[in-house]
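Proteins come first, then strands; the chains are lettered A, B, ... in the order of their sequence lines, and each starts at number 1.
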Amino acid sequence: MYLILRIIIGSIFLVSSLGKLLAPYQNFLYVIQAYQVLPSWGEVLAAQIFPWIELFVGVFVLLGLWTPWALRGALVLFGFFVVLLGQALLRGLPLESCGCFGEWVHLKPQTTMIMDSVSLVLTFLLLRRLSHTKKFSLDSYFDRV
Amino acid sequence: MKKWQLTVGVVFVLVGFVAGGRILLAPKKTEINFQAARAQGNPAARVKIVEFIDFQCPACAYGMKYLKTFLGEHPNDVYLQVRYYPLTNMHHHAMISALYSECAARQGKFWALEDLMMPQQSQWAQLISPEPVFRAMASQVGMDTAKLNTCLVSDEARKTINDEKSLGVSLGINSTPTYFINGKMVVGAKSLEDVLKTYFPK
């Protein structure tokens, strides 16, 4: 079960990141601007860097490489998304789609908020049960070697 | 192999994968020919803007309002053309509003109709069918009703819209409004304002 959860969490970030990285960054910049939390230079920086962070977190969680750190990264990211979406919904910002998965998947912000909250809890569970989470991982291979 | 070596290898593979993907999926460099019927401003202007628009998109309505004001302040410095990019999976009236706009363009009434359509977007967007409203607008701007009816049922107008959307997809567009300012892609009205300020610093 922990392996399946790790695959799910890793895949979420992998799909999310590739949808942004394989399209012009201006599309994700537009999404970030809709949340109205960063200055202009911060929005451009976030649009270019953030998808890479998601990619590395996703792949490392999937592979089970540096698993505790990757999961902590995932926890921070999910927490950040929950806060970001929450403030947008509270402020009544006009978000038609959360923009979370680039151009591949369109999800309403409310749906994504629920999904991210559940993912946050699951990631926390994976972190708490590391010995189970690290089964069938590259970390467990290197621990034995 | 040590763990850190594998880590470095994974990072290189990921960077390479993304770089390769970007090269393979890179939008083709396409010269966007200007359609006079949907263009405004000075054709010899130093700033040429092509906007890909969805007429039901609220951000597009805001962007169009901003651009009209901007064009009014810089009539000789900007050339604007509108292209269709209906987000039909999000906006139920995206295609029909584009159809009426294209039919208006074919009668030389594109901007006249757009002057009515965009400011009233929030009203007609909520209707089950906006066609009665669009017909009233068409009448108000003096469109020929018979030609309009023919245009609406013909394949030509729809093909024009779909061809322009396909062009937009090939250019990497996935949301509206997307602008190409002297060939550079800019998405959203905020970025539009930021980029135009660099061309016209106050």
Which atoms of A:L29 come close to chain B, meaning under 4.5 Å heavy atom to heavy atom: side chain ones, backbone ones, both, or neither? side chain
Has B:Y62 got more than 12 heavy atoms of other residues, nucleotides or ligands less than 6.0 Å from its OH? no
To the nearest 0.5 Å, how far apart are CG in A:L18 and CG in B:L14? 8.5 Å
Mind ranking B:V186, B:T178, B:V15 by heavy-atom pairs under 4.5 Å with chain A and telling me who comes out on top? B:V15
Residues of residues 37-45 of chain A near chain B, each having a heavy atom less than 4.5 Å away: A:S40, A:E43
Can you find a side-chain donor-acceptor pair between B:S191 and A:Q26 that sits under 3.5 Å? no
Non-hydrogen contacts under 4.5 angstrom with chain B: give the residues of residues 131-143 of chain A involved, or none if there are none. A:L138, A:D139, A:F142
Is the shortest heavy-atom distance from the side chain of B:T176 to the side chain of A:Y30 under 4.5 Å? no
How about CZ on A:R128, more than 12 heavy atoms from neighbouring residues, nucleotides or ligands closer than 6.0 Å, or not? no
Is there a side-chain contact between B:V187 and A:F28 in this structure, where contact means two heavy atoms from C-beta onward sitting under 4.5 Å apart? no
Within a reach of under 6.0 Å around OH of A:Y25, are more than 12 heavy atoms found that belong to other residues, nucleotides or ligands? yes
Those residues of residues 63-78 of chain A, ordered by number, that approach chain B below 4.5 Å (heavy atom to heavy atom): A:L63, A:L65, A:W66
Mind listing the closest non-hydrogen atom pair of B:L171 and A:P24 along with its distance? O-CG, 4.5 Å
Would the number of heavy atoms belonging to other residues, nucleotides or ligands and lying under 6.0 Å from NE2 of B:H92 be above 12? no
Give a yes or no on whether A:Q110 atom CD has more than 12 heavy-atom contacts from other residues, nucleotides or ligands under 6.0 Å away. yes
Examine whether an atom of B:V10 lies under 4.5 Å from a heavy atom of chain A, and if so say whether it belongs to the side chain, the backbone or both; otherwise answer neither. side chain
Heavy-atom closest pair, residues B:R22 and A:L22: N-CD2, 3.9 Å
Taking only residues at least two apart or on different chains, which pairs with a member in residues 16-46 of chain A satisfy disulfide bond (SG atoms under 2.5 Å apart)? none
